[in-house]
Amino acid sequence: MDSKESVDETEAELDSNRDAHSSLKHQLLGPSLTKAGQDAVDQRKVGYSIRQHQYILPKETRETEGQQVSEIIYNASKGSKFFNHEEARDRSLTSKIERILSLKARLEKVDLTTELRRADEYIAELEHERDLSQTVVHIDCDAFFAAVEELDRPDLKTVPMAVGRGVITTCNYHARKFGCRSGMAAFVAKKLCPHLICLPQNFDKYNAKAREIRAILADYDPRFESASIDEAYLNLTAYCAENNLGPEEAVHRMRAEVLEKTKLTVSAGIGANAKIAKIASNRNKPNGQFRVLNDRASIMTFMGDLPVRKVNGIGRVFERELDAVGIKTCGDIYRYRSMLTKLFGEKAFQFLIHAYLGLGRTRIQPAEEYERKSVGTESTFSETGDRQQIRDKLRWAAEELEKDLSRTQFRGRTLVLKVKLHTFEVLTRQTVPPRAVHLAHDLYTFALPMLVKLEKELPDMKIRLLGLRCTNLLSTKRTGNNFFNLNPSLTHSQPIEWRPVERDPDPEQEFEQAARQERQDDMNELEILSQELSLDSESLDPTKDDTEGDSSPRHIDTSNQSWDCPICRRPYPSEDKSFNAHVDFCLSQQKIKELVKRSSLEPLPVKSQSRKRKISSNIKGLTTNSRQKRGYFH
DNA sequence: GCGGATCAC
DNA sequence: TATGGTGATCCGC
């Protein structure tokens, strides 16, 4: 073990000394070059593409490409503000790595048997709970945006093409051969590939296509999980059992059906959990699938020589830190298990051990069942130090955010202002307004002091981006469990259909979740009520002149029979404890009549909670651009 | 709880 | 000439 480590150290040292700019060049290559499939796989796929589309690129050219790509990117970027910022980040990471290495050197001299035992106990515990009973599939559309564009423009199939104007979001496989990658500035991509065709993105089109695909996936697992616009997880355990099919056959069938009905190719990974499925889906991309068998040995072998960078959650930075320590593959993790906590923290330790063991979640559920934590908007513009212009940007952000909050039915207890300086440095400031906010005027007014403070701290502040985000959300949704909907007549006219029991992996947990949700809904409703009835805060309210009626409590339905509050006339179940408190509160308000007048403008229709609706919203997927990106453990 | 940083797509 | 937007999580303080 000792000799191994010292070898790794020497390699790491060589790496960092070889070229002062090598790590920076690596950074500049962008996240996707290192993330996407191994070189060998890519090379093979180039051959595939050539056969498929008769697009010939001489082999020699391709091989020198790898050398040239980083040079071209480096030269295109050199001297820019963006480049300088990247350089600064690179320097700070390098010094962070130095600290990590000196800590590692100290740790090698001390007795770590306690830590070693703790790590081994943790591993044994996880091993004991390993679940190999499920068949999880990750579906990933191949070059999704580009592929959808090619459906409308078949002529683009044979030439390098990318989607995205300023920054490339997706490019087809011809463009990738030139080194073009998602996340790359378009002008850099054009340097790599002068003939590159850049199309503007058309999200409506991609969403429509994604819905078609999801409709197919739903037949294989009605509780499939949209992970993003072009990715999904399915649990095929039940489907395979019911149809007496092996996982490979089932996935083949599914992919063939998607191709036939949508003319789009998808790649798939099959494994015992989401993490393995996700990694496996990249193995035979594009238009391929790969399965890791559900036995411990297969999984350990698969993970053993897997570069850590392939694991979801390990990005460029963590990759470099791990590499410096001597961890290049998931198999390397084991050797350092006793010092991982001290080097990287407890969460990272647990995460890495999970990666080493090939463990991941087996619970797949519709994305909508994940609780949203924030709603925000931001936009980039040509840099400006003009205070009025910046206020206009803030106003615009506030208006955009109001729309998003209205669409998602949330308010924010906390408001976050984000700016990116002309140097690309990012700053955020947050505040807790006197009440949850959702109106543009409020958002603007409570964000402005943060901006003013920043302008005082940085008198010459020039910014290139401004954003607003609400966190600590307050839901204004009424779910089926909400007490306002427990009215018997309502339940009768719109019965709730329960999901089939056999699809329910953990009824107890589901029940607890439902109960928790119900309590949360009640709390939310009460909080909203108290906020809206709280005229005390109106002295603080900068939007008292609001005439849109939007701030009135329309979200409370008044069209159904129930027990209305005699003061504000809103429905309330009489048995609810808070009813009396509510009436007392109403009575104590002097300006209540004014409020009632506003609140009676128009009631909002009650939403149906039928299963049909649930599934259709699952197919519809995530709302615009919303990503369900989960951290180390989900 | 706040602000910075990292990560995914 | 020029390097995105949305959302989540973790860490140090």
Side-chain angles (χ1 to χ4, degrees), chain A residues 27-28 30-32 35-36 73 76-77 79-86 89 92-93 96 140-141 143-145 163-170 181-191 200-201 203 206 226-231 278 309 311-321 344-351 367 370-383 397 400-401 404 408 413-420 422 424-432 450 454 464-473 622-634:
Chain A
Q27 291 286 99
L28 287 168
S32 55
K35 193 82 183 176
I73 297 174
S77 303
S80 68
K81 289 176 175 178
F82 174 80
F83 179 90
N84 293 337
H85 183 250
E86 290 298 305
R89 279 183 50 185
S92 118
L93 176 57
K96 185 182 175 193
D140 198 336
C141 301
F144 183 56
F145 294 177
V163 175
R165 277 278 157 93
V167 167
I168 285 171
T169 55
T170 319
R181 290 294 184 279
S182 65
M184 186 177 276
F187 78 92
V188 175
K190 289 251 186 188
K191 280 213 163 64
Q201 34 194 359
F203 262 99
Y206 312 144
S226 297
S228 71
I229 190 170
D230 68 338
E231 284 181 35
K278 165 80 182 164
R309 186 67 172 83
V311 179
N312 234 11
I314 298 181
R316 285 178 291 174
V317 171
F318 202 14
E319 177 192 31
R320 259 191 74 191
E321 293 174 4
F344 303 113
E346 178 62 20
K347 288 285 181 185
F349 161 75
Q350 294 178 7
F351 172 76
Y370 289 101
E371 182 193 11
R372 184 191 264 271
K373 303 282 172 53
S374 73
V375 181
T377 178
E378 62 189 61
S379 66
T380 295
F381 37 82
S382 51
E383 67 178 51
E400 288 299 302
L401 186 51
D404 290 343
T408 53
R413 298 184 184 90
T414 303
L415 182 60
V416 187
L417 173 75
K418 171 177 173 179
V419 299
K420 192 187 282 180
H422 67 111
F424 285 84
E425 189 184 352
V426 174
L427 304 175
T428 64
R429 294 292 180 270
Q430 55 181 320
T431 185
V432 180
M450 294 191 277
L454 276 177
R464 68 188 322 282
L465 171 147
L466 187 144
L468 275 183
R469 177 167 298 274
C470 281
T471 66
N472 221 326
L473 296 180
L622 307 171
T623 52
T624 357
N625 281 335
S626 107
R627 304 275 185 216
Q628 291 284 345
K629 270 318 116 212
R630 286 164 287 284
Y632 283 170
F633 298 108
H634 266 300

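To find a chain, count down the sequence lines: A is the first, B the second, and so on, and within it residues start at 1.
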Test side chain to side chain contact (heavy atoms under 4.5 Å, CB included), reference A:Leu468, set A:Leu415, A:Val375, A:Val416, output is A:Leu415
Residue mapping more 5' on DNA chain B - nearest nucleotide basis, A:Lys278 or A:Ser92
A:Ser92
Between A:Asp230 and A:Tyr206, does a side-chain contact (heavy atoms from CB on, under 4.5 Å) hold up when you go through it step by step?
CA-CA 9 Å; A:Asp230 68 338; A:Tyr206 312 144; over 6 Å; no
Counting side-chain heavy atoms from C-beta on, which of C:dT3, C:dG5, B:dT6 comes nearest to A:Val167?
C:dT3
Nearest-Å distance, CG (A:Asp404) to C1' (C:dT6)?
10 Å
Does a side-chain N or O of A:Ser374 approach OP1 or OP2 of C:dA8 to a distance below 4.0 Å, or not?
yes
Give the rounded distance in Å between these two atoms: CG of A:Asn472 and P of B:dG3.
14 Å
Using only side-chain N and O atoms of A:Arg316, determine if any of them is under 4.0 Å from OP1 or OP2 of B:dT6.
no
The side chain of A:Lys420 lies closest to which of these nucleotides: C:dG4, C:dT3, C:dC10?
C:dG4
Under 4.0 Å between any heavy atoms, over every strand shown, what does A:Phe83 touch: base, sugar-phosphate, or nothing? Just pick one.
nothing
Categorize A:Val416 for me: base, sugar-phosphate, or nothing, with a 4.0 angstrom heavy-atom threshold over every strand shown.
nothing
Assess the residue pair A:Arg309 and A:Arg316 against the criterion (side-chain contact (heavy atoms from CB on, under 4.5 Å)); give the C-alpha distance rounded to whole Å, side-chain angles, the decisive distance to 0.1 Å, and a yes or no.
CA-CA 7 Å; A:Arg309 186 67 172 83; A:Arg316 285 178 291 174; 3.5 Å; yes
Nearest to the A:Val317 side chain among C:dT3, C:dA8, B:dT6, which nucleotide is it?
B:dT6
I want to verify a distance call: between B:dG4, B:dC7, C:dG4, whose nearest atom is closest to the A:Leu427 side chain?
B:dG4
What is the distance, to the nearest angstrom, from the CD atom on A:Glu425 to the C1' atom on B:dT6?
16 Å
To the nearest angstrom, how far is A:Glu383 atom CD from C:dG4 atom P?
13 Å
Which nucleotide in the set B:dC7, C:dG7, C:dT3 lies at the smallest distance from any side-chain heavy atom of A:Arg372?
C:dG7
Integer-rounded Å distance: B:dG3 C1' and A:Leu454 CG
11 Å
Would you mind reading off the distance between A:Arg413 atom CZ and B:dG1 atom P, rounded to a whole angstrom?
10 Å
Among the nucleotides C:dT3, B:dC9, B:dC2, which one has an atom lying closest to any side-chain atom of A:Ser228?
B:dC9
Provide the distance between the two P atoms, one in C:dT3 and one in B:dA8, to the nearest whole Å.
23 Å
Whole angstrom is fine here: how far is it from CZ in A:Phe351 over to C1' in C:dT9?
12 Å
Counting heavy atoms from C-beta on, name the nucleotide in C:dT6, B:dC9, C:dT3 closest to the side chain of A:Asp230.
B:dC9
N-O pairing of A:Glu383 and A:Lys81 below 4.0 Å
yes
Taking the side chain as every heavy atom from C-beta outward, state whether A:Glu321 and A:Leu93 have any atom pair closer than 4.5 Å.
yes
Distance test, side-chain N/O of A:Arg464 to OP1/OP2 of C:dG4, below 4.0 Å:
yes
Between C:dA8, B:dC7, B:dG4, which nucleotide has the shortest distance from any of its atoms to the side chain of A:Arg429?
B:dG4
Looking at every strand, decide which applies to A:Gly376 at a 4.0 Å heavy-atom threshold: base, sugar-phosphate, or nothing.
sugar-phosphate
Say whether, by atom type as modelled, one donor and one acceptor occur between the side chain of A:Thr377 and the main chain of A:Leu401 under 3.5 angstrom.
no
Residue whose closest nucleotide on DNA chain C lies nearer the 5' end, A:Lys347 versus A:Lys191:
A:Lys191
Let's test your reading of the model: under 3.5 Å, does the base of C:dT3 pair with the side chain of A:Ser77 as donor and acceptor?
yes
Measuring to OP1 and OP2 of C:dG4, would you say a side-chain N or O of A:Arg165 lies under 4.0 angstrom away?
no
Which is true for A:Thr377 with a 4.0 Å heavy-atom rule: it touches a base, it touches only sugar-phosphate, or it touches nothing?
sugar-phosphate
Has A:Thr428 got a side-chain N or O lying under 4.0 Å from the OP1 or OP2 atom of B:dG4?
yes
Output the single nucleotide from C:dG7, B:dC9, C:dT3 whose closest atom is nearest the side chain of A:Phe187.
C:dT3
Starting from C1' on B:dT6, measure out to CD on A:Glu86 and report it in whole angstrom.
13 Å
If you assign A:Gly345 and A:Leu465 each to the DNA chain C nucleotide with the nearest heavy atom, which residue ends up on the more 5' nucleotide?
A:Leu465
Say whether, by atom type as modelled, one donor and one acceptor occur between the side chain of A:Arg464 and the main chain of A:Ser382 under 3.5 angstrom.
no
